[in-house]
Amino acid sequence: MLPAKYSPKNVESEIFKFWEDNEIYRKVKERKGRKFYFVDGPPYTTGRIHLGTAWNKVLKDTILRYKRMSGFAPTDTPGWDMHGLPIEVKVEQELGFRTKRDIESFGIDKFIEKCMNYALANKDAMTEQFKNLAVWMDWDRPYMTIKAEYMNAAWFAIKRAYERGLLERKKMVVNWCYRCETALADAEVEYWDEEDPSIYVKFPVKGERDTYIVIWTTTPWTLPANMAVAVHPSLEYAKVRAVKNGKVEYLILAKELADSVLGKGDYDAWEVVETYLGEDLEGLEYEHPLAEEVPIQKNWKHQVFFADFVTAENTGCVHIAPGHGVEDYELGVEKGLEIFNPVDDRGVYTEKAGKYAGKHVREANDEIIDDLYRKDLLLAEEKIVHRYGHCWRCKTPIIYRATEQWFIKISELKDEMLREIDKVKWIPEWAGSARFKDWVSNAKDWCISRQRYWGIPIPVWICEKCGEMKVVGSIEEIDWENDLDLHRPKIDAVTFDCKCGGKMRRVPDVFDVWFDSGVASWGSIAYPLRKEKFEELWPADFITEGHDQTRGWFYSQLGTSVVCFDKAPYKAVLMHGFTLDEQGRKMSKSLGNVVEPEEVVSQIGVDGFRLYVLYSAPWEDLRFSWEEARNINRMLNVVWNAIRFAYTYMNLDDYKFGEKGELKMEDRWILSKLESFVKEANEAMEEYQVHRVVRAFFDFFVEEFSRWYIQIIRPRVWEERDSPSKIAAYYTMFRVIDRSLRVIAPFAPLISEWFYQHVVKRFRDGEESIFMESYPEPEEGMIDGKLEEAMDIAKDIVEAAANARNKAKRKLRWPLRELVVETSSEKVREAVEMLEEIILSQCNVKKIRVVDNFEKEIEIKPNYKYIGPLLKEKAGEFAKYVASLKEIPEKLVFEGEELDPKQALLIDYRLPDGYEYAEFPEGVVYIYKELDDELMREAYAREIVRRIQEMRKELDLDVEEFIQTMVEMDPELVKGWEEYIKSETRSEKLTFGKAEGYVKEWNVEGKKVRIGIVRKS
RNA sequence: GGGCCCGUGGCUCAGCCUGGUUAGAGCGCUCGCCUGAUAAGCGAGAGGUCCGGGGUUCGAACCCCCGCGGGCCCA
């Protein structure tokens, strides 16, 4: 016997042990197969996986298992993204560090060692978590971004970029984290709402008394670096005469914005005195508002320029600080302005900032506002809540700073990248054609340098003396001791001799970690250090990641790959969603709505978890719901019970698969459904539509197989040994179970393997593991569309009959004389003919009849509500006329007036006595609800049988055990059904008299009946 | 301001690409049933302006346009 209840824990522990003891994964992997190059998007080694990571790997595992069963030998190397700020930040926290200086004094070598140990430990912890989700990947041989052979792949890429003129060092305004003291890529900036000052500042126009240009900013701290003001050339500007406390000022700003801006200041009145276009303003000079506080500003000329990026918002005059804004910078370069940046790496003003030197920019805001106020240059001050960028790791608000950085010139590669996107198969299609293309179209040059420690060192050496630059494209060009020793600070000690006689030293930067993972498609197979695999496999056949990777891994990979090979590194991309909480919010620690994968697994098991996440469309976000998750488990339990049912009898009879017996209609039907299901699964998998397989599985196995097929064949399995009909049922059930399990095995590997070992291999020879079996392909010859359609109709009829019984209050246990199907459909007629036996037994009726028109009587009554107001006093006469009607007239003419019969008449159908009806899609079903004596006796017999069965159960008798039964009742009530009762209940003897043994008193339809049973030992 | 996705009973979602019976499922609810899969299982019923408005079409949840609401990303 199989366990009565599905216990995920027992199944899991047994199968995990079985796999391990027998090295099943290794054996499966050794099998030959067609190539399928899958590249694992490396999760960052944070130490714990979350729901989304778990979903991601389960999705990958399912596809890999499917591919293996389908004759492929997919690559399944897991990857780990191990460098970068997140780990540095963690280690810094552990050590209590606050700045880079803490690291330097601690020692970079020791710091790097800590980072490495931390990353390795996290990797191990996460590996265990993934293994516990039954993810089969090559865990003993992962690719790691910290390995020399991997770092080499990044060096190779940067050398290619250099050779193609796509590597550039330039001063550029970048996202800067002053806590981490490094540049950040756009992909590393997270946006959320932040409250900032919103100030309107008056810049005094040179040589014109009391005249000002009005600008607006949310970053007062950038004012010390102001170098210019920008206006839009074709926007209309105004000089406004404004009066405050009797004092007159002239303010220059966009005309259409004047009222709203002046309204914010304390002006008593204002009027436009002059207007001009933006282009007329060019060259207008002004004095820096903080020239006294920042004396260096006195050295430079400040004037108005025009620029197209200016919009009619705020004041229409934009404060330009080329050292602190991307557009500002570009304008600055164009106009030959000083790229003035008085802020250091830590976000602290340098000496150049005069009065503010030594202050942190975030703290300086208030002081600057005060100074402006004191100088009467502050027109208005407000607060604003707006989206502002933050460092993705330490959450510090970023600032923009002009610094020297290394860039990949994406701007020159964009067209090629966009072309490559079109060649990739995207699932869903819009992931590529819309979302990704949009990102790439707007991409700027990629800043790949970081002023940090824990990363792949940028392999650029520069001569101290002559500035000559050398880009190293292979680790073989330098000495390295072991594969983990290419990190800082060791690499910093490597120098080259320059032609000029000087020493070449490495630039101190490390790579953006997105560059690390960007080279995964060849780094993971150690190219170019080793060539064979690359030549055989590249590019990847398939990758899958979440939609956040649009600007992450999908992008970084495409960029590096186009640089190196002019080609996309992947052929197909499945973009999956995010896991959200039940309300559709992001899961986050601060909201306290985080659900851990382990928590889910402990409640519903690994297979339950996997099926749950694979149940909905992968590209949709997944709102996690406990209710839904448990629901999956209930369905799995039905699967369990269905297989257990089949097993019980097949096992009892020692069935061996092969014998087919005589297939009946229901057998042929479910076998047809099985092949339709297999077909659907294959088609869906080819499109990576995993959810369709899971849904089809539950539909088929729970709905069709368990709830319908097994229901129908139940009596057949307790026929005598060797009955051809019973053998046919066994054959059918086995085939269904065997093939269904193999279809669903990639999704629910543990329970499938368990059944394979305990059930499938009990009745036929098999492989050592279900994962050495092949994935079923549909045998289309067995699909019988007509039969499937007929069964749908039969189901509808049975359902309607149940409905009618409900109305007539006749339980299913009570047999009924007749079922009439009224229909005009030939298909229904054929279906009834074909499947009569099934309908009869499922409806528990003796006879079924199909008619075009059931002999019912109609009663026609006038609709007084309608005719009353129309016919007034003639209504009574009309009623008489209606009473004479025998059938519904097509035309209704009364007293020369034509009436619409549909409105004027109410039709009542009266069924002949004793009938009840219910509708079904193709007609109406009628049952005859009265029971004659003969039917009553059968009904009683069934009632008695049911109660004896329950008593057997209470005594915990074996299914096969015989008993003696005594019933205290009038034997006439079940006359003619004695043998039936005996055989159904395995009673050797049935007597009507004093009950002995285990005795119970029952109330059967109002009659007291005492039943006694004695077990036959 | 721009791009993308989503909006279907109380809840979670299929269906939409490829227009065509009376729009489905599960959960929940109400009422029943079954009892040799049984601390399970099954059925029926109630419950839907398929976000709104236009358009195309003989016909629109589905295709097109314009809105509204939510989410993500970008400015």
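In the text below, chain A, chain B and the rest are named by the order of the sequence lines, each starting its count at 1.
- The residue A:Arg695 sits close only to the backbone: its heavy atoms come under 4.0 Å of sugar-phosphate atoms, none of a base.
- Under the Watson-Crick or G-U wobble criterion, with both distances below 3.5 Å, B:rA25 is paired with B:rU12.
- Remark: C1' of B:rG43 and CH2 of A:Trp708 are 11 Å apart, rounded to the nearest angstrom.
- One P atom belongs to B:rC62, the other to B:rG20, and the distance between them is 11 Å to the nearest Å.
- Separation of the C1' atoms belonging to B:rU38 and B:rC34 is 10 Å when rounded to the nearest angstrom.
- When heavy atoms are screened at a 4.0 angstrom cut-off, A:Thr648 is found touching no nucleic acid atom at all.
- Judged by closest nucleotide on RNA chain B, A:Trp430 is the one of A:Trp430 and A:Tyr612 placed further toward the 5' end.
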Legend entry - Test log, rule ring-ring contact (aromatic ring centres under 6.0 Å, His included), inputs A:Phe701 and A:Phe697: CA-CA 6 Å; A:Phe701 211 87; A:Phe697 170 75; 5.5 Å; yes
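- Side-chain contact of A:His50 with A:Thr53: a donor-acceptor pair under 3.5 Å is present, judged by distance alone.
- Summarising the local packing, NZ of A:Lys827 is surrounded by 12 or fewer heavy atoms from other residues, nucleotides or ligands at distances under 6.0 Å.
- Within 4.0 Å of A:Ser983, counting heavy atoms only, lies at least one base atom of the nucleic acid.
- A donor-acceptor contact under 3.5 angstrom links the side chains of A:His319 and A:Thr222, judged on distance only.
- Per the geometry, CZ belonging to A:Phe624 stands 15 Å off C1' belonging to B:rC27, to the nearest Å.
- Using modelled atom types, one side-chain atom of A:Arg952 and one backbone atom of A:Thr985 make a donor-acceptor pair closer than 3.5 Å.
- For A:Arg644 and B:rU38, the shortest distance from a side-chain N or O to OP1 or OP2 is below 4.0 Å.
- Within the shown strands, B:rG71 is the pairing partner of B:rC4 under the Watson-Crick or G-U definition, both distances less than 3.5 Å.
- Only the P atoms considered, B:rC27 is 39 Å distant from B:rC68, to the nearest whole Å.
- In the set B:rC33, B:rU38, B:rC74, the nucleotide with an atom closest to the side chain of A:Asn442 is B:rC74.
- Heavy atoms of A:Ile710 sit under 4.0 angstrom from at least one base atom.
- Taking atom CG on A:Asp438 and atom C1' on B:rC72, their separation rounds to 12 Å, with Å as the unit.
- The side chain of A:Arg435 lies closest to B:rG71 when the candidates are B:rG71, B:rC34, B:rG43.
- Rounded to whole Å, atom P of B:rU35 lies 17 Å from atom CG of A:Asn641.
- In the set B:rC6, B:rC74, B:rG41, B:rG41 carries the atom at the smallest distance from any side-chain atom of A:Val638.
- Shown are A:Val736, A:Leu741, A:Val638; of these, the side-chain contact (heavy atoms from CB on, under 4.5 Å) with A:Ile643 is made only by A:Leu741.
- Nucleotides B:rU56 and B:rC65 place their C1' atoms 10 Å apart, quoted to the nearest Å.
- Put simply, CD1 on A:Ile927 is 14 Å from C1' on B:rC33, counting in whole angstrom units.
- Heavy-atom neighbours of A:Tyr400 OH from other residues, nucleotides or ligands within 6.0 Å: at or below the threshold of 12.
- Here the nucleotide nearest the side chain of A:Gln949, chosen from B:rG36, B:rC5, B:rU38, is B:rG36.
- In the set B:rC72, B:rA37, B:rC13, B:rC13 carries the atom at the smallest distance from any side-chain atom of A:Ser616.
- Among the atoms of the strands shown, only primed sugar atoms or phosphate atoms (P, OP1, OP2) are found under 4.0 Å from some heavy atom of A:Ala617.
- Closest to the A:Lys444 side chain, of the nucleotides B:rC72, B:rA75, B:rG43, is B:rA75.
- The separation of B:rG43 from B:rA25, taken at their P atoms, amounts to 10 Å, rounded to a whole angstrom.
- The nucleotide whose nearest atom lies closest to any side-chain atom of A:Arg634 is, among B:rC72, B:rC34, B:rC27, B:rC27.
- One atom, OH of A:Tyr615, and another, P of B:rU12, lie 15 Å apart when rounded to the nearest Å.
- For the C1' atoms, the distance linking B:rC51 with B:rG7 amounts to 6 Å, nearest Å.
- In this structure, B:rU30 forms a base pair with B:rA44, meeting either the Watson-Crick or the G-U wobble geometry with both donor-acceptor distances under 3.5 Å.
- In this structure, A:Glu620 reaches the sugar-phosphate backbone alone: every heavy-atom distance under 4.0 Å involves primed, P, OP1 or OP2 atoms, never a base.
- Regarding A:Glu330, its CD atom lies at a distance of 14 Å from the C1' atom of B:rA75, rounded to whole Å.
- As the counterpart of B:rG36, no nucleotide is assigned, since no Watson-Crick or G-U wobble pattern has both distances under 3.5 Å.
- Here A:Tyr649 lies in heavy-atom contact (under 4.0 Å) with sugar-phosphate atoms only.
- Annotation: B:rG59 and B:rU35 have their C1' atoms spaced 49 Å apart (nearest Å).
- Nearest-nucleotide mapping onto RNA chain B: of A:Gln689 and A:Trp814, the residue sitting toward the 5' end is A:Gln689.
- Side-chain contact annotation: A:Trp708 with A:Glu666, donor-acceptor N/O pair under 3.5 Å absent.
- Residue A:Arg946 has no polar side-chain atom (N or O) positioned under 4.0 Å from OP1 or OP2 of B:rC34.
- Rounded to whole Å, the distance from CG on A:Asp792 to P on B:rG24 is 13 Å.
- If you check every strand for non-hydrogen atoms under 4.0 Å, A:Arg714 touches a base.
- For the C1' atoms, the distance from B:rA46 to B:rC29 is 9 Å, rounded to whole Å.
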